[in-house]
2 protein chains.
Amino acid sequence: MKADSTPCAFPASKRESGDERRIAVASAARQIIVEKGLEGLRTRDIAARVGINIATLHYHVPTKEALVALVAESIRHDFRTQAMRHPRVGKTGLEQLHMEFDDFRETTREMPELIIILTELVERARRDATVAEIVLPMHRFWRGQFVDIFRLGVADGSFRPDLDPEAGAMIATGALSDCWRRPDTSPSMIEQALAELERAFIRKS
Amino acid sequence: MKADSTPCAFPASKRESGDERRIAVASAARQIIVEKGLEGLRTRDIAARVGINIATLHYHVPTKEALVALVAESIRHDFRTQAMRHPRVGKTGLEQLHMEFDDFRETTREMPELIIILTELVERARRDATVAEIVLPMHRFWRGQFVDIFRLGVADGSFRPDLDPEAGAMIATGALSDCWRRPDTSPSMIEQALAELERAFIRKS
DNA sequence: ACCTCAATCAATCAAATGATTGAGTAGACA
DNA sequence: TGTCTACTCAATCATTTGATTGATTGAGGT
């Protein structure tokens with residue numbers, strides 16, 4: 001790493017450091033993907049939005065493939081940050097499920113574009129091994145969180161004894177990502193779905 | 001101007017009739033979408049696969065936008081055919097759910113490409129109103145099937161009395177389409193998910 | 001002052017790509 | 001036979017688009 005004293009934003013001189021540029025490029029690319037899809041992502045548009053020349057863009061991110069990988073990394077970073085915010089130790093399965101649901105609500109509210117881009121990347125992962133290597137582990141991690149929660153909750157009596165943690169996690173992540181993805185899902189429908197998911201897995205007294 | 005007496009099928013001469021060409025074009029386009037995604041769909045590739053000139057392709061399908069719409073229509077046709085196969089009258093909610101699951105298994109087995117293309121189209125529907133008008137109703141129909149089943153099943157005692165049919169349908173369609181979409185879902189995992197979905201909604205004795 | 005090098009840009013290339021043009025070809029029908 | 005219509009193709013256009021080249025700039029180090 002560079003011996004940079006302050007990594008933070010200097011009142012920009014004409015030039016920016018490479019890392020900052022790459023971050024700016026990733027951010028611009030993400031905006032464009034939200035607007036026009038991965039399909040509509042053009043290097044020129046990114047350069048224009050960042051305010052640099054196409055050649056400069058290629059200087060920092062050599063190829064378009066690398067650019068898509070950069071976006072994938074960027075999404076992974078946000079995803080990690082989001083996932084690690086709330087420690088879950090010492091809670092019951094049901095409490096942890098509620099926390100997971102809260103995280104979900106928070107993400108839909110504060111970073112709705114995250115899942116849009118993620119969906120596009122998952123789609124591409126079917127054909128692009130580089131993207132697949134970055135994106136698929138993210139989904140596995142998310143699902144794994146649910147597996148752990150369900151396993152714990154079955155043990156502590158929060159959930160049905162016959163709940164299959166793996167299958168439950170598939171259903172939960174599948175249902176959530178699907179409602180998240182669709183543009184025609186209202187917030188109240190998300191609440192309905194979350195409530196129903198809870199009833200689906202909880203142990204009836 | 002056309003003097004249309006019978007718009008319908010003449011016996012095919014040496015040349016293919018317009019309708020047959022359009023069907024062939026749609027079929028070729030679907031293959032290419034499966035292989036390379038909507039993003040990788042090129043008019044030239046379609047023409048080559050059908051065995052016609054690019055200009056001929058444009059004669060039958062004037063623009064690429066119309067081509068995508070054609071594919072969407074084609075998918076809708078297959079989807080309808082698939083959905084209407086098995087009449088469900090006079091069955092209990094649980095029986096109908098099982099039939100819906102069987103349909104799902106059958107479709108994953110016999111037309112795995114259907115959901116791949118559908119996913120691509122849903123993705124594009126976010127930006128393309130023409131595609132949205134064709135594709136979104138399909139999903140609403142599918143979800144509606146589940147709503148009906150759950151409503152019936154709650155009434156006839158198959159399912160939990162506190163099951164919210166709308167929310168249950170969201171969860172079911174979301175979970176199914178998500179497992180279907182992911183390439184890393186094995187058949188046995190699908191069976192696990194289906195079994196868990198049943199336990200999630202069924203009334204415990 | 002001088003050197004070095006990361007960062008930047010204007011200009012341009014080569015390929016891809018959606019679309020068009022204009023010239024046909026064959027079957028139907030008068 | 002001649003004409004009309006549906007259909008087909010080779011050739012080409014006009015853009016778009018990812019990438020490259022070669023020159024320039026300026027901050028940091030000596």
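Order of the sequence lines sets the chain letters (A, B, ...), proteins ahead of strands, with each chain counted from 1.
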Could you state the [atom1]-[atom2] distance from [X] to [N], rounded to the nearest angstrom?
{"X": "A:L70", "N": "D:dG18", "atom1": "CG", "atom2": "P", "answer": "16 Å"}
{"X": "A:H58", "N": "C:dA10", "atom1": "NE2", "atom2": "C1'", "answer": "16 Å"}
{"X": "A:I54", "N": "D:dT16", "atom1": "CD1", "atom2": "P", "answer": "13 Å"}
{"X": "A:K64", "N": "C:dA15", "atom1": "NZ", "atom2": "P", "answer": "19 Å"}
{"X": "B:D19", "N": "D:dC7", "atom1": "CG", "atom2": "P", "answer": "9 Å"}
{"X": "B:R22", "N": "D:dA6", "atom1": "CZ", "atom2": "C1'", "answer": "15 Å"}

Task: Sugar-phosphate only, base, or nothing, as touched by A:L57 at under 4.0 Å among non-hydrogen atoms - done: nothing

Open item on the list: Any base atoms under 4.0 Å from B:I46, or only sugar-phosphate, or nothing? Heavy atoms, all strands.
Closed with: nothing

Presence of [X] side-chain N/O under 4.0 Å of [N] phosphate oxygens OP1/OP2:
{"X": "A:Y59", "N": "C:dA7", "result": "yes"}
{"X": "A:H60", "N": "C:dT8", "result": "yes"}
{"X": "B:T43", "N": "C:dT17", "result": "no"}
{"X": "A:N53", "N": "C:dT8", "result": "no"}
{"X": "B:R21", "N": "D:dA6", "result": "no"}

TODO: Quick one: sort the A:F146 and A:F150 rings into parallel, tilted or perpendicular, breaks at 30° and 60°.
DONE: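 Rings of A:F146 and A:F150: tilted, as their planes differ by 30° to 60°.
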
Task: Of B:A55 and A:E65, the one whose closest DNA chain D nucleotide lies more 5' - done: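 In this pair, the answer is B:A55.
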
TODO: Look at the side chain of B:R42 and the base of C:dG18, then say whether one donor and one acceptor between them are separated by less than 3.5 Å.
DONE: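 Such a pair does not exist between side chain and base.
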
TODO: Calculate, to the nearest 0.5 Å, the distance between atoms CD1 and CG belonging to A:I33 and A:L118 respectively.
DONE: 11.0 Å

Task: From A:L114 atom CG to A:Q82 atom CD, the distance as rounded to the nearest 0.5 Å - done: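 That separation rounds to 7.5 Å.
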
Task: Nearest-nucleotide 5' precedence on DNA chain C, A:R44 against A:I52 - done: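 Its nearest nucleotide being more 5', the pick is A:I52.
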
Task: Qualifying residue for salt bridge (charged side-chain N to carboxylate O under 4.0 Å, His left out) with A:E166, from A:R140, A:R143, A:R151 - done: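 Going through A:R140, A:R143, A:R151 one by one, the salt bridge (charged side-chain N to carboxylate O under 4.0 Å, His left out) with A:E166 is satisfied by A:R151 alone.
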
Open item on the list: Out of the candidates B:R105, B:R88, B:K91, only one should pair with B:E100 under the salt bridge (charged side-chain N to carboxylate O under 4.0 Å, His left out) rule; please name it.
Closed with: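 Testing each of B:R105, B:R88, B:K91 against B:E100, the sole residue satisfying salt bridge (charged side-chain N to carboxylate O under 4.0 Å, His left out) is B:R88.
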
Task: Minimum-distance nucleotide (side-chain atoms of A:T63 versus D:dC9, D:dA19, C:dG18) - done: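 So the side chain of A:T63 is nearest to D:dA19.
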
- [ ] Starting from the C-alpha separation in whole Å, work towards a yes-or-no answer on salt bridge (Lys or Arg N to Asp or Glu O under 4.0 Å) for B:R49 and B:E35.
- [x] CA-CA 13 Å; B:R49 193 159 307 204; B:E35 290 166 22; 3.0 Å; yes

Task: Presence of salt bridge, A:E120 and B:R124, under 4.0 angstrom - done: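 Salt bridge: no.
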
Task: Dot-bracket pairing map - DNA chain C, Watson-Crick plus G-U, both contacts under 3.5 Å, | cross-strand - done: ||||||||||||||||||||||||||||||

